Every structure is written in structure tokens, then in C-alpha cells.
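Just so it is clear, the model here is predicted, and its values are computed rather than measured.
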Amino acid sequence: DAQQVQCIAKETGGKVYSALDISAMNAATQGAFSDITKHQQKDPDLVAAPSRAKRPASTTDGPPGVRLSASLVDGGPAVKTPLLWLVTKDKADSTGVKPTVIAAEAASIVRRLEPGTYQVTASTGLASGRATISVGKQGTSATRVALNAGQLTFNVPQNGKIGFVTVKAVGNDARKSASNSWLGRSNSPPLIAPAGKYRITYENGLLRREIEATVKNGATAAEDLITSSGDLRLSAQTPAGTPLTDIAFHIRIDDPAATDSGRNVLRTRAPAPTIRLPAGTYVVTARTQYDQQSKRVVVGANANISEVFTFPLGEISLIAELIGAASNSQLPIVFRISQGVGTTRHEITRSSDRAPKFALPAGKYTVSAELGAGNVKSSIALDITADQKQNVSLQLDAGELTLTRTPAQSGTKYRDVLWEVMDEHDQVVWRTNQLRPTTLLAPGRYTVRNEARGGVDEKVLVLVSGAKEVVELGR
């Protein structure tokens with residue numbers, strides 16, 4: 001067994017430690033740790049190797065393998081940015097594909113490999129480099145892949161938010177490689193890119209800055225992406241200082257010299273937003289449900305601006321008082337609000353709530369309530385002033401009317417009957433083909449007409465508040 005263990009250790013590059021007691025075991029353990037440390041210094045397998053300024057040296061002892069690192073230019077120091085490594089065999093297999101033996105991401109790597117020739121590709125950002133390396137029967141073969149590129153670093157605003165940076169090659173440089181654009185976070189490590197001209201765009205919320213930069217091989221270009229910006233706080237209130245919560249803000253650019261003048265920047269329904277905007281001139285519009293105001297605002301660098309919109313709103317609370325035959329009605333009630341009075345008024349809102357509330361700009365209004373689809377209605381003219389609260393009660397008065405056929409016509413089918421009820425102005429206020437319908441109508445004088453196969457019958461009646469009238473017609 002001891003001979004077999006020695007053979008295994010020899011074949012795998014290991015070592016056998018003998019221990020017959022506790023003291024010997026401790027000594028063997030310390031010896032094993034010491035040998036491991038020495039071996040890692042020579043060949044730290046599967047562990048990222050530290051970047052060094054000097055060109056890595058190959059070794060002639062130990063298991064066969066590779067030590068890979070990359071530099072911006074040939075002979076330069078190793079880059080510390082993580083790279084994507086792809087190592088393939090130099091010769092294709094029976095299927096015509098070069099087998100991949102290493103695919104990893106690290107600044108530099110050390111791996112064991114079988115003796116042979118390999119193709120190495122290192123890529124990061126917009127740059128990549130290639131090299132061919134030969135691995136002998138013993139020792140580590142080291143190479144530093146030249147990326148033939150430079151670095152871009154970004155100086156961005158320190159506002160606690162991470163923005164996004166887009167880098168795109170421009171002009172002839174855009175046709176040098178299929179990968180000519182890069183998108184990353186503003187706190188990403190330095191970007192490595194081939195020499196050339198690039199357009200850099202920084203975006204963070206509403207902040208945006210676009211510049212052009214030139215990258216040179218082996219050099220680092222530090223680009224300033226800080227944009228001039230300021231904070232704009234918006235709110236709305238009544239003249240008495242009561243905050244308005246049902247409000248919408250709309251911001252657009254108002255700079256005749258800007259190519260995007262008039263462009264919508266932001267819409268929000270937040271009642272009191274704070275918005276960071278690039279320095280410039282803007283038009284801010286605040287909208288309530290029935291009114292709006294606009295202001296021109298200039299935002300300077302590092303400005304802290306507060307804009308308050310004051311709306312002279314008054315509040316009305318509506319309720320309908322059902323009297324007469326309508327007192328127990330479960331029919332829906334619709335409230336309508338029209339701006340203006342008389343023939344010049346126009347409806348601006350309505351509600352089917354039983355006790356709605358409205359905040360309206362100061363002015364003259366007509367408020368009405370309707371019970372069901374009939375003519376039971378009531379209206380009132382109101383003057384609304386800023387910061388005034390009014391409770392408005394509208395009376396809905398009605399009588400009950402039931403229509404029926406004479407006993408001799410009681411077998412008539414519904415499709416053979418048509419009822420019409422007209423008011424004193426001969427306007428039809430109710431029409432139905434039911435045999436015995438019932439409805440609520442406002443007090444007044446009415447004409448009831450019945451059309452059936454037997455002919456047309458009419459009757460005039462006066463309906464008073466709370467009355468329950470039954471009209472019987474038919475021949």
C-alpha cells in the first residue's frame with residue numbers, strides 16, 4: 001500500500017508525509033502547509049494572479065500550464081480591469097472546431113494545460129487582443145497580451161444616483177470593429193477602448209451630457225461628465241395656504257436657442273415633487289381638474305428653486321333632499337355642474353355619488369340634480385369664491401304615476417301597447433310599452449296618451465307632490 005501511495009503522489013505531482021504519532025502528525029501538517037505556500041508562489045492554479053508592472057516570466061519546473069495577463073500596449077504594465085479570456089487549441093478537432101480549454105473572467109489567470117500550442121484571446125470594453133502560446137512538458141508559459149488600446153475614465157456628478165454612460169465610436173473609427181459601442185453604469189471601472197474618436201453620452205434621470213473624446217494607445221483619458229443642474233420644487237395651494245393634492249405638473253423646455261425647445265421633459269401627479277433639471281429655461285404648467293396655470297422658470301447651476309402655484313378654489317358639498325313620492329326612491333341621482341348661468345353655461349363635470357364634493361375655481365356656476373331618467377330635477381345658481389366652503393341641498397319633489405289598461409283590454413300584449421306622457425309644453429317626458437308601468441314625475445300638468453290596436457286614448461291630469469295617481473285607459 002505504501003508503494004502504491006508513493007506512486008500516486010509521484011504521478012500527480014504530490015508528496016507523501018509519514019506520521020506515526022501526534023508529534024509527527026503536527027510536523028507533517030506544518031511541512032505540508034509550507035510546501036503548499038511555496039507551490040502557490042510558483043504556480044497558483046485556478047486563482048487570479050496579481051497584476052505586475054514587469055513582463056511575466058515563464059518557469060521550467062512544475063506541471064505544465066499558462067500564466068496570462070494583458071496590457072494596453074506591447075511592453076506596458078498589466079491592466080487591473082477584469083478581462084474575458086478565451087483559450088482554444090491551435091488545431092481543430094474532427095468536427096472542424098478548435099476546442100475551448102479556458103473561458104474565464106479575471107485580470108490575469110494561471111491554469112494548468114496539457115503541452116501544446118494554443119490561441120489566446122483577451123477582451124474587455126471595446127478592445128481585444130490575441131496571441132499564440134506554446135506550453136511545454138514542464139513549467140508555466142507566460143504571456144502578456146497587448147490590447148493596443150487606451151483607457152477612458154469618467155468624472156460624473158456625485159448626487160447619490162448612478163447614471164448610465166454610452167460610448168460609441170464615430171467616423172472611420174466606428175467601422176474598425178463590429179463592437180463599436182458600449183453601455184455601462186457611471187460607476188463602472190475604466191473603459192478600455194482602441195485608439196480613436198468616441199461620442200460619450202451620460203444620462204442620469206433628466207440630466208444628460210454629450211461630449212466627444214479621443215483615446216490614444218497606452219494613455220488614460222479622464223472625461224468630465226458633470227452637468228450644470230439645479231433643483232426645482234413644485235407645489236400648489238389655495239390663497240389661504242391649503243395644499244392641493246389633486247394636481248398635475250407638466251414641464252417642457254423653453255429655450256429658443258435649443259434644438260429641442262418645446263420638448264416635454266416631465267409629467268407628474270406628485271403633489272409636491274422635487275426635480276433635478278439641467279440648467280436652462282422651462283415652462284411649468286400646473287393643472288387641477290378644472291383650471292391650469294403656467295410659469296416660465298429659469299434653473300441655474302446648483303440652484304435651489306421653489307415655485308408655488310396658487311389656485312383660487314372654493315369647495316362645495318352637494319346633497320339631494322327627496323320629498324313627496326320620491327322620499328323612498330332608490331333611483332340613481334346624478335349631479336351636474338355647469339360653468340356660467342343661463343344659456344351660456346356649459347357642463348364641466350358630473351357625479352353619481354350621493355354626497356359628492358367639488359373644488360372649483362372662483363366664478364359663477366349652475367348646479368343641478370336629476371332623479372333617474374325622468375323629469376324630476378332641481379337646479380340652483382351659485383357664486384363660488386376662493387377658500388369658501390358651501391353646503392348645497394337640492395330638493396327633488398315628485399308624484400307617482402301608474403298607467404293601466406281597462407279590464408276589457410287586460411289581455412293585450414306589451415308589444416301592442418305604447419304609453420306617452422307629455423308635459424304642459426307638449427314635450428314627451430316618458431315613453432314605455434309596458435302594460436302597467438309606474439314612474440316618478442315632477443309635480444305639474446300632464447297629458448297621458450295610450451296607443452293600442454283598439455285606437456288612441458288620452459287623459460289630462462294634474463300630479464301634485466306626494467300623490468299616487470292611477471290612470472286607466474282603453475276601450
Side-chain angles (χ1 to χ4, degrees), residues 231-252 254 264-275 277 282-297 299 305-323 326 329-373 376-397:
D231 288 333
L232 175 62
R233 295 193 304 275
L234 301 175
S235 61
Q237 64 182 27
T238 66
T242 303
L244 299 179
T245 56
D246 188 10
I247 192 79
F249 295 102
H250 174 209
I251 302 175
R252 62 181 176 85
D254 184 50
N264 293 330
V265 174
L266 177 71
R267 295 177 187 268
T268 177
R269 293 194 64 86
T274 297
I275 307 155
L277 294 168
Y282 300 88
V283 172
V284 182
T285 301
R287 291 189 178 97
T288 65
Q289 189 174 359
Y290 315 106
D291 198 7
Q292 72 175 44
Q293 296 179 16
S294 295
K295 292 183 179 181
R296 182 172 283 102
V297 179
V299 178
I305 302 171
S306 179
E307 287 292 341
V308 180
F309 292 81
T310 301
F311 288 88
L313 301 181
E315 184 179 296
I316 59 172
S317 300
L318 304 181
I319 191 171
E321 182 183 357
L322 303 179
I323 61 176
S329 174
Q330 298 301 314
L331 291 173
I333 299 173
V334 177
F335 293 95
R336 300 177 189 269
I337 297 181
S338 300
Q339 199 164 33
V341 294
T343 57
T344 61
R345 66 188 183 185
H346 63 278
E347 184 178 319
I348 59 173
T349 187
R350 67 178 65 181
S351 174
S352 58
D353 293 342
R354 285 286 176 169
K357 293 182 178 182
F358 301 91
L360 301 170
K364 296 182 179 296
Y365 296 86
T366 299
V367 180
S368 63
E370 303 172 4
L371 180 64
V376 182
K377 303 177 181 179
S378 179
S379 63
I380 187 174
L382 285 180
D383 281 332
I384 296 179
T385 57
D387 290 313
Q388 182 184 19
K389 293 185 178 181
Q390 300 184 54
N391 296 318
V392 180
S393 177
L394 296 165
Q395 288 189 345
L396 295 174
D397 191 4

Is there side-chain contact between [X] and [Y], with at least one heavy-atom pair below 4.5 Å?
| X | Y | answer |
| --- | --- | --- |
| Val284 | Glu307 | no |
| Glu370 | Leu396 | no |
| Val367 | Phe358 | no |
| Gln237 | Thr242 | no |
| Ile251 | Leu234 | yes |
| Thr288 | Ile247 | yes |

Heavy-atom closest pair, residues [X] and [Y]:
| X | Y | answer |
| --- | --- | --- |
| Asp383 | Gln390 | O-NE2, 3.1 Å |
| Phe249 | Ala236 | CZ-N, 4.3 Å |
| Ile384 | Gly314 | CG2-CA, 3.7 Å |
| Thr285 | Ser294 | OG1-OG, 2.8 Å |
| Ile333 | Ala320 | CD1-CB, 3.9 Å |
| Asp246 | Arg269 | OD1-NH2, 2.6 Å |

Step-by-step side chain to side chain contact (heavy atoms under 4.5 Å, CB included) determination, Leu277 to Leu266
CA-CA 10 Å; Leu277 294 168; Leu266 177 71; 5.9 Å; no

Contact list for residues 351-362, test side chain to side chain donor-acceptor pair (under 3.5 Å), sequence neighbours left out
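Non-adjacent pairs meeting side chain to side chain donor-acceptor pair (under 3.5 Å): zero.
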
Under 6.0 Å from the CD1 atom of Ile319, do we count more than 12 heavy atoms belonging to anything else shown?
no

Between [atom1] on residue [X] and [atom2] on residue [Y], distance to nearest 0.5 Å:
| X | Y | atom1 | atom2 | value |
| --- | --- | --- | --- | --- |
| Phe309 | Lys295 | CZ | NZ | 5.0 Å |
| Thr385 | Leu360 | OG1 | CG | 11.5 Å |
| Leu371 | Gln330 | CG | CD | 10.0 Å |
| Arg233 | Ile275 | CZ | CD1 | 11.5 Å |
| Ile337 | Arg350 | CD1 | CZ | 11.5 Å |
| Arg252 | Asn264 | CZ | CG | 8.0 Å |

Return yes if some donor-acceptor pair links the side-chain N/O of Gln293 with the main-chain N/O of Thr310 below 3.5 Å, else return no.
yes

Any chance you could lay out the side chain to side chain contact (heavy atoms under 4.5 Å, CB included) test for Ser338 and Glu347, step after step, and finish with the verdict?
CA-CA 4 Å; Ser338 300; Glu347 184 178 319; 3.9 Å; yes

For the pair Tyr282 and Leu232, evaluate side chain to side chain contact (heavy atoms under 4.5 Å, CB included) and give the outcome as yes or no after the intermediate values.
CA-CA 11 Å; Tyr282 300 88; Leu232 175 62; 5.9 Å; no

Determine whether Tyr290 and Leu313 satisfy the following criterion, side chain to side chain contact (heavy atoms under 4.5 Å, CB included), listing intermediate values before the conclusion.
CA-CA 10 Å; Tyr290 315 106; Leu313 301 181; over 6 Å; no

Does the side chain of Thr238 come under 3.5 Å of the side chain of Asp387 through a donor N or O and an acceptor N or O?
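Result is yes, a qualifying pair exists.
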
